[in-house]
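Report on the structure given below.
Letters A, B, ... mirror the listed sequences (proteins, then strands); counts begin at 1. Every heavy atom of this structure was used, including side-chain atoms; hydrogens, water molecules and symmetry mates were not.
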Amino acid sequence: MSTTDAPVRVGPARQIQVYSRAELTLFWRYRTAVYFALFPLALAMMGLLQAGTEIAPGVDAGAYFTAGSLMLPPLFLSIMHLTNVVTSRREQFVLKRLRVSGTPATVVFGALIVSVLVVTAVISLVIGVVLLRRYDLAPADPLLVVLPIVLVTVAVSLFSIAFTRLCRNAESAQMICMVPLMLFYLLSGMAFPLASLPDRLADLARFLPGAPGVDIVTSAYFGRDFTGAGDGTRVLAGAELWAAAVPGLLVILAWLVLSAFLVRFVRWDPRGTR
Amino acid sequence: MLTTTRTSAPDPPTASAVRVRDLACSYGDVRAVRGVSFDIVPGELFALLGTNGAGKTTTIEALEGFRNPTAGTVRVLGLDPRRRRRALQGRVNAVLQESGTFADLTVIETIELVRRTSGRRRDLDEVLSAVDLTGRAGARVGHLSGGQKRRLDLALAVVTRPEVLLLDEPTTGMDPEARRTVWALIAELIREGTAILLTTHYLEEAERLADRIAVMHHGRIEVAGTLDQVLAGHGDRISFRLEGSPPEDPPVLPGAEAVVEGERVTYTVDGADHARRAHRAMAALGTWADRHRLDLLDLALHRASLEDVFLRVADGHEIPTPTGVSR
């Protein structure tokens, strides 16, 4: 075993790239992960059943719910897939092995998040094509559609990784992760309109990552104000649209920063050491 | 009962790749490691033996930067492994007691993942060949046998060309042929200058590979040194059998204690200068047998084995201080 390559410098970006490719391979080979990806897509297609009624001037309910469902993959995929994968890897000593070999946490978890982002992008593209073909609808502000999807995916992914601290094993992770998933989904405005909730609950919902994400994505898609108490009657464009999105984006960023901090306390070893 | 005499591994002659001083680790009320000290120099294999729960894995975890010492210091390549994890990336690697690999990747994908993200790389084909997994390169890790998974663990540990290698029971679950393949690889790594810490329950493995050996019990190193140093003072045994009824009074041999079990008589000669005293006892025994016209059947002189020392430590017997070893 005498042949060795000359030492080279491999930066974190390159490491994340290599690990992300492996994560995508693993995602494809892990059948449960494929199910986790198809589940929000199926929910998104159910939005089409709402077609035919207007929820705002010129905004079809089917189109609204399908556009809003762009926020489902970041919630469902990030929570269901990542809590399951991270907990089972910890249980099987994979995390410990990676840690011992010196692979930084940013690389281990960064690659996982990149894989979720890629799959989310693919599902979002499918939903976008459906909106275009079915409703001849393209986003009014594409960047403001993409930004919350990326931010919510990263924030909820980090939250899910940190959340595994509470999961004893992969089996319990699948049950326990339903708590934040249902909380984020039911209070996102996609299960039922936030306006139908008591005011206090609706206010609380706007401090979770799902509701602001749905508000911003639908506003950016239709060029109308669905943020906060906006009901879509006000037409917005350019800076006005971004200004309306700022409070929601700040909430999502707060979740991202808090979750990134909590990831420091993730457990690498099933026997309880860090 | 264990006595209070404790042993530190003797200082190696050159700069240490691993330095552990007065290491103590606790889990709640359980004191898993209690004041362990040793050094490992480049090109040396230090074997840490002991019963389950003796504190071997906790010691390794402290070296991996995984366990926060309650007291004492741990340095790997001069750095604190807990605080300088990134600086040690690739330079230190380990085989864990449990196999931890992605079941849905193939063998080659798994090794390449580690190899391509490390700045220090060995040739992939050579690594596969060294662990005898060339024929299984395309197989999913989840489809490998237990022994093959352990060899893959070793491949992942050596592919980054580490300067320090921590091996926690690396050959557990391997058949004898695979174990010999791994021994050959470890011997080559030692020749290359890798500093290796090995824990194992196979004493033959430690005898064959280790430059120095330490036996732990209840979180402490009870005896440490080279194999000769560890075995010294644990006695030679002279045994023989007499046909018919055993002697009621076995001959008194200078410096040797007799035990009669059926037809077999065994003398144990231990303590300082035991080799010379064993020789004298053998001569005296021959004289006694000639005088009584007796045939000494199956006459043998046994050197103490590592297993004898291990069992004495495990049973809590007092362990004599090996020559050249500081307490």
Practice problem: For the residue pair B/E44 and B/V41, establish whether any side-chain heavy-atom pair is separated by less than 4.5 Å. | Solution: yes

Quiz item: For B/S99, is it the side chain, the backbone, both, or neither that has a heavy atom closer than 4.5 Å to a heavy atom of chain A?
Solution: backbone

Exercise. Below 4.5 Å from any heavy atom of chain A, which atoms of B/S129 appear? Answer side chain, backbone, both or neither.
Key: neither

Quiz prompt | Electrostatic pair B/E61-B/R82, nearest N-O below 4.0 angstrom | solution = no

Quiz item: Given a strict heavy-atom distance threshold of 4.5 Å, which part of B/T58 is in contact with chain A: side chain, backbone, both, or neither?
Solution: neither

Exercise. For the pair B/R122 (side chain) and B/V158 (backbone), establish whether a donor and an acceptor sit closer than 3.5 Å, ignoring hydrogens and angles.
Key: yes

Exercise. Evaluate the side-chain proximity of B/D168 to B/L96: yes if any heavy-atom separation is below 4.5 Å, no if none is.
Key: no

Practice problem: Heavy-atom distances under 4.5 Å only: say whether A/S88 touches chain B with side chain, backbone, both or neither. | Solution: neither

Quiz prompt | Short side-chain to backbone donor-acceptor contact, B/T106 and B/E109, under 3.5 Å | solution = yes

Self-check item: chain A contact via B/T101 - side chain, backbone, both or neither, heavy atoms under 4.5 Å
Solution: backbone

Exercise. Would you mind checking which part of B/R91 comes under 4.5 Å of any heavy atom in chain A, side chain (CB onward), backbone (N, CA, C, O), both or neither?
Key: neither

Quiz item: Relative to chain B, which segment of A/S101 carries a heavy atom at a distance below 4.5 Å: side chain, backbone, both, or neither?
Solution: both

Quiz prompt | chain B contact via A/L98 - which portion, at a heavy-atom distance below 4.5 Å | solution = side chain

Quiz item: Would you say B/S26's side chain and B/G28's backbone share a donor-acceptor pair under 3.5 angstrom?
Solution: no

Quiz item: Should the pair A/R89-A/E23 be classified as a salt bridge under the 4.0 Å nitrogen-to-oxygen rule?
Solution: yes

Quiz prompt | Part of B/A157 within contact of chain A (heavy atom distance under 4.5 Å) | solution = both

Quiz prompt | Under 4.5 Å from a heavy atom of chain A, the part of B/L166 involved | solution = neither

